[in-house]
Amino acid sequence: MLLEARNVAKAFGDFRAVAGADLAVEQGEIVGLIGPNGAGKSTFFNCLAGDTLPTTGRILFDGADLTHASPEAHARAGIGRTFQVPTTFDDMSVLANVMVGAFLRHPHRNDAREHARRIVELTGLRADQPARSLGTPGRKRLEIARVLASGPRLLLLDESLAGLTPGELQEAIALVRRIHQMGVTIVIVEHIMEVIMTLTRRVLVFNQGRVIASGSPEQVVRDEAVIEAYLGRGARRQRSE
Ligand code: ADP
Ligand code: MG
């Protein structure tokens, strides 16, 4: 098991955004995480990546307890994550942004640049383009590139494929596949069912901070509790047609 999150909870005052969630991910998997807005998916990712301290629970990565470790320690251990609202350095070029990630494993500037160039190529970005000239899809891709350059073993993607045109979406799916083929284990939060259906064999469904269902994508979309919580009435209507 690469990642084991046990009974993770995160409370803001009296409100439990994550209310005791388990997630075990094997090396080499792509696991989907779906659920309605406000279900706690991003907060759960924050806990897994060390960006917030869980109120209770444990997070084990490759056997090491990272529950109380810093975001830097998580990155160094090999957990990389993107943010739902991408974080890029807009005054810098694409290449310089990706170098920020590359420095984690390549402390020497030339090595970092070399490595970053390979990642930029892989992700289909243009090295000399200023980050600020990218639209949201480009920034999301750039963030993936920066995180990838930091050499994660586990990549947590938080709606990184949202807001793309159909053509961009196919390219992004292909990119996630390539990253997976490089040996990176992936947990992906995504609302677009096509992405989940195409990329994952196992999905967890979050609702109100808890995992309410898990199984193959085909199984969970037929689950009554999931239809109720996540897909809503429109989906149920569609299903009975
Ligand atoms: P999701 O990613 O599934 O849409 P989030 O994890 O972003 O859900 O949010 C889960 C719930 O926690 C939401 O109701 C949100 O408003 C709340 N929440 C998230 N972050 C904070 C915070 N820093 N302080 C208070 N409430 C928060
Ligand atoms: Mg979210």
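One-based numbering, in listed order, for ligands and for the atoms of each.
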Could you tell me the residue and atom name of the protein heavy atom closest to [atom], and the distance to it rounded to 0.1 Å?
{"atom": "atom 25 (C) of ligand 1", "answer": "Phe12 CG, 3.4 Å"}
{"atom": "atom 10 (C) of ligand 1", "answer": "Gly38 O, 3.4 Å"}
{"atom": "atom 8 (O) of ligand 1", "answer": "Gly40 N, 3.1 Å"}
{"atom": "atom 5 (P) of ligand 1", "answer": "Thr43 OG1, 3.6 Å"}

Within the 4.0 Å heavy-atom shell around [X], which atoms of ligand 1 are there?
{"X": "Pro36", "result": "3 (O)"}
{"X": "Ser42", "result": "1 (P), 2 (O), 6 (O), 7 (O)"}
{"X": "Ala17", "result": "11 (C), 12 (O)"}
{"X": "Asn37", "result": "4 (O)"}
{"X": "Ala39", "result": "1 (P), 3 (O), 8 (O)"}

Assess the side chains of Gln208 and Arg16: does a donor N or O sit below 3.5 Å from an acceptor N or O?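 The answer is no; no qualifying pair exists.
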Any chance the side chains of Asp158 and Thr82 put a donor and an acceptor closer than 3.5 Å?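 Judged by distance alone, the side chains do not pair up.
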Hey, does the Lys NZ or Arg CZ of Arg210 hover above the aromatic six-ring of Phe206, less than 6.0 Å from the centre and inside 45° of the axis?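 Relative to the ring axis of Phe206, which defines the angle, Arg210 lies outside at least one limit.
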Do [Y] and [X] meet the salt-bridge criterion of a basic N to acidic O distance under 4.0 Å?
{"X": "Arg139", "Y": "Asp90", "result": "yes"}
{"X": "Arg141", "Y": "Glu143", "result": "no"}
{"X": "Arg126", "Y": "Asp128", "result": "yes"}
{"X": "Asp91", "Y": "Arg132", "result": "yes"}

Flag Thr43 as yes if one of its N/O/S atoms falls below 2.8 Å of the Mg ion (ligand 2), otherwise no.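 False for Thr43.
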Flag Asn37 as yes if one of its N/O/S atoms falls below 2.8 Å of the Mg ion (ligand 2), otherwise no.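 For Asn37, the answer is no, given that no N, O or S atom comes within less than 2.8 Å of the Mg ion (ligand 2).
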Residues in ring pair (Phe, Tyr, Trp, His ring centres under 6.0 Å) contact with His74, at least two apart in sequence or another chain: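 In terms of ring pair (Phe, Tyr, Trp, His ring centres under 6.0 Å), with neighbours along the sequence ignored, His74 is linked to no residue.
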If you take the nearest heavy atom of each of Glu159, Gln84, Lys41, which one is closest to atom 3 (O) of ligand 1?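 Result: the heavy atom closest to atom 3 (O) of ligand 1 is in Lys41.
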Reference residue Leu157; test side chain to side chain contact (heavy atoms under 4.5 Å, CB included); the match among Ile179, Val187, Val189, Val176: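 Exactly one option meets the side chain to side chain contact (heavy atoms under 4.5 Å, CB included) with Leu157, and it is Val176.
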For Phe15 and ligand 1, does the shortest N/O to N/O distance drop below 3.5 Å?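 No; the residue has no nitrogen or oxygen that sits under 3.5 Å from a nitrogen or oxygen of the ligand.
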Is atom 20 (N) of ligand 1 less than 4.0 angstrom from some protein heavy atom?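 Given the 4.0 Å cut-off, atom 20 (N) of ligand 1 counts as touching protein heavy atoms.
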Closer than 4.0 Å: a protein non-hydrogen atom to atom 15 (C) of ligand 1: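 False for atom 15 (C) of ligand 1.
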Working to the nearest 0.5 angstrom, can you tell me the gap between Gln84 CD and Phe45 CZ?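 So the gap between those two atoms works out to 10.0 Å.
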